[in-house]
Amino acid sequence: MAQNRYDAIVIGARCAGSPTAMLLARKGYKVLVVDRATFPSDTLSTHILHPPGAGALAQWGLLDRLTGTGCPPIDTYAFDFGPFAIEGAPGTEDSPVAYCPRRTVLDKLLVDAASEAGAEIREEFTVEDVVIDDGRVIGIRGHGKGGESVTELADVVVGADGRYSLVAKAVAAEQYNERPQILSGNYTYWSDLPMDGRFEVYVRPGRGWAAAPTHDGLTLVVAGWPFGENGANKDDVEGNYLKMFEQAPEFAERIRGAKREARFAGTAVENYFRKPFGAGWALVGDAGYNKDFITAQGISDAFRDAELCAAAIDEALSGARPFDVAMAEYQATRDAHVLPMFEFTCQLATLEPPPPEMQHLLGAVHGNQEAMDGFARVNAGVTSPAEFFSEENVGRIFAAAS
Ligand SMILES: Cc1cc2nc3c(=O)[nH]c(=O)nc-3n(C[C@H](O)[C@H](O)[C@H](O)COP(=O)(O)OP(=O)(O)OC[C@H]3O[C@@H](n4cnc5c(N)ncnc54)[C@H](O)[C@@H]3O)c2cc1C
């Protein structure tokens with residue numbers, strides 16, 4: 001039996017769902033957010049939050065809450081390629097630093113912000129299906145813990161339900177730019193591994209790892225090998241994880257003096273874009289677009305999706321523009337923004353040595369502080385790879401090096 005009618009129902013209350021709900025609720029819409037999880041809770045993900053993501057939190061009035069949790073700021077990105085290293089500042093004047101907040105903290109903060117904005121939050125609510133009438137999504141069917149199935153109706157149902165999105169499946173959302181898993185990553189947390197505000201990335205043939213300071217004095221260390229090697233490596237994750245650090249003796253020494261404080265977690269992900277809208281439905285975050293985690297763009301991308309999608313839904317619900325027109329612009333803006341980073345990410349995730357011309361360029365970037373900051377900003381998702389690797393910019397870097 002239908003109990004309520006909402007302007008929007010959002011399935012999934014993490015990085016994509018809660019901000020989408022918060023932004024719609026702040027505009028006065030009646031919003032329901034459901035998630036089968038309870039909050040705070042962790043999820044399978046590392047959690048570098050690049051300066052654009054921190055900037056979104058600041059714009060929403062939430063950054064002070066995050067810094068208030070004691071999450072250490074990160075002002076330097078350091079890329080160690082073996083023969084040389086590139087160190088730069090990842091941010092902009094408006095959003096100068098990155099963070100690495102535990103998802104237990106970040107996601108809870110986002111859920112609370114959506115609730116404070118007026119969205120109704122139902123935790124431990126599992127959506128079983130979307131309700132479709134005459135080809136149009138009109139609501140959801142699901143149940144609270146141990147409860148009966150209920151139906152809730154809305155003008156639009158937003159799938160913020162992650163990579164295995166039930167909404168995307170139910171509406172058979174068109175998928176494009178698909179690439180299978182490329183990299184397999186494993187991570188855990190260490191004490192006594194001080195980072196002094198640095199996010200460190202190590203690139204070695206067939207191996208890559210990164211370390212960043214997070215809450216509670218811990219350091220997140222995530223390490224990856226090619227997906228194809230997973231079968232051979234998965235029975236000794238710890239041994240293979242530790243072995244790769246020997247390729248950077250100073251780091252190996254530092255981690256020998258540290259203590260592992262958590263179990264290993266790890267996975268590999270598929271890469272895809274999905275059409276993020278159709279009659280009565282929309283997709284945000286990983287439900288609509290996913291890429292390998294090597295460049296750590298997912299949370300910032302989810303925040304940007306939330307902004308774009310909520311603005312488009314507002315236009316549609318307020319009658320300013322037809323739903324299809326507003327949402328087509330959301331899709332076009334998203335795709336244009338992320339496509340160069342998608343390609344860059346898929347290339348990096350192969351862990352193959354950079355082609356000779358790239359090695360030459362990185363060699364020229366090394367030591368040129370402006371170019372090193374530029375390279376850090378590419379990895380932070382601040383500057384598009386298309387811009388940084390443009391003929392003009394590359395010419396400038398080589399000219400400065402000669
Ligand atoms: C190993 C790994 C490392 C990563 N590292 C980083 C990083 O360092 N930085 C970064 O920015 N990104 C990283 N990412 C990506 C990041 O985790 C995602 O992009 C981000 O979590 C997407 O948020 P989301 O809200 O779209 O989806 P999710 O975080 O997946 O949330 C989806 C929510 O939907 C709920 N849900 C799903 N189905 C249902 C249902 N039927 N009923 C009710 N609830 C449902 C789930 O319970 C969940 O809470 C990483 C990902 C992985 C896998």
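In each ligand, atom 1 is the first atom listed, and ligand 1 is the first ligand listed.
The closest protein non-hydrogen atom to atom 41 (N) of ligand 1 is Val127 O, 3.1 Å. The closest protein non-hydrogen atom to atom 33 (C) of ligand 1 is Asp35 OD2, 3.5 Å. Considering only non-hydrogen protein atoms, atom 18 (C) of ligand 1 sits nearest to Asp286 OD2, 3.2 Å. Residue, atom and distance of the protein heavy atom nearest to atom 36 (N) of ligand 1 are Asp161 CB, 4.0 Å. For atom 27 (O) of ligand 1, the closest heavy atom belonging to the protein is Gly162 CA, 3.7 Å. Closest to atom 9 (N) of ligand 1 among all protein heavy atoms lies Ile48 O, 2.9 Å. The protein heavy-atom contact nearest to atom 11 (O) of ligand 1 is Ile299 N, 2.7 Å. Of the protein's heavy atoms, Arg36 N, 3.1 Å lies nearest to atom 44 (N) of ligand 1.
Which parts of ligand 1 touch Arg14 is read off a 4.0 Å heavy-atom cut-off, strictly below it: atoms 25 (O), 29 (O), 31 (O), 48 (C), 49 (O). Those atoms of ligand 1 that come under 4.0 Å of a heavy atom in His47, given as number and element, are 7 (C), 8 (O). Against a heavy-atom cut-off of under 4.0 Å, Thr267 is close to the following atoms of ligand 1: 1 (C), 53 (C). Taking every non-hydrogen atom of Arg103 and a distance limit under 4.0 Å, the qualifying atoms of ligand 1 come out as 16 (C), 17 (O), 20 (C), 21 (O), 29 (O). Less than 4.0 angstrom separates some heavy atom of Gly285 from each of these atoms of ligand 1: 26 (O). For ligand 1, the atoms sitting less than 4.0 Å from at least one non-hydrogen atom of Ala296 are 7 (C), 8 (O), 9 (N), 10 (C), 11 (O), numbered in the order shown with element in parentheses. The ligand atoms of ligand 1 that sit less than 4.0 angstrom from a heavy atom of Cys15 are 23 (O), 25 (O). Short contacts between ligand 1 and Gly12, defined as distances under 4.0 Å to a heavy atom of the residue, involve ligand atoms 33 (C), 34 (O), 35 (C).
Applying the 6.0 Å contact sphere to CZ of Arg263 captures no more than 12 heavy atoms from other residues, nucleotides or ligands. Environment of CD in Glu370: sparse, with no more than 12 heavy atoms of neighbouring residues, nucleotides or ligands closer than 6.0 Å. Crowding of Gln247 atom CD: a count of heavy atoms from other residues, nucleotides or ligands under 6.0 Å exceeding 12.
The side chain to side chain donor-acceptor pair (under 3.5 Å) test with Tyr77 is passed by exactly one of His50, Arg198, Glu200, Arg377: His50.
Proximity annotation for atom 43 (C) of ligand 1: of Tyr289, Phe125, Tyr187, Phe199, Phe125 comes nearest, heavy atoms only. Closest heavy-atom approach to atom 1 (C) of ligand 1 among the candidates Phe293, Tyr164, Phe303: Phe293. In this comparison of Ile294, Asn186, Thr46, the heavy atom closest to atom 8 (O) of ligand 1 sits on Thr46. Taking each of Ser45, Ala306, Ser165, Gly266 in turn, the one with a heavy atom nearest to atom 51 (C) of ligand 1 proves to be Ser45.
Taking the six-membered ring for Trp and the full ring otherwise, the centers of Phe79 and Phe375 sit less than 6.0 Å from each other.
Note on ring orientation: taking the six-membered ring where Trp is involved, the planes of Phe84 and His366 are tilted (angle from 30° to 60°). Using a 30° and 60° split on the angle between ring planes, Phe323 and Phe277 fall in the perpendicular class, above 60°.
Proximity of His50 to ligand 1 is not established, as no heavy-atom distance is less than 4.0 Å. The closest approach between a heavy atom of Leu44 and any atom of ligand 1 is below 4.0 Å. Heavy-atom distances between Ala160 and ligand 1 reach below 4.0 Å in at least one pair.
Between the side chain of His47 and the backbone N or O of Arg103, no donor-acceptor pair lies under 3.5 Å. Panel note: side chain Lys169, backbone Tyr164; a donor-acceptor pair is recorded below 3.5 Å.
Glu261 approaches Trp190 most closely through the heavy-atom pair CG-C, 4.3 Å. When all heavy atoms of Cys309 and Met327 are compared, the closest pair comes out as SG-CE, 3.9 Å.
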> Given the rule in the ring-ring contact (aromatic ring centres under 6.0 Å, His included) test, do Phe251 and Tyr202 qualify, once you have shown the distances and angles that lead to the verdict?
Replying inline: CA-CA 9 Å; Phe251 185 83; Tyr202 294 81; 5.0 Å; yes
> What's the verdict on ring-ring contact (aromatic ring centres under 6.0 Å, His included) for Tyr241 and Trp209, showing C-alpha distance, side-chain angles and the deciding distance?
Replying inline: CA-CA 9 Å; Tyr241 172 97; Trp209 68 94; 9.1 Å; no
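Note that CD1 of Ile138 and CZ of Arg5 are 7.5 Å apart. Values are rounded to the nearest 0.5 Å.
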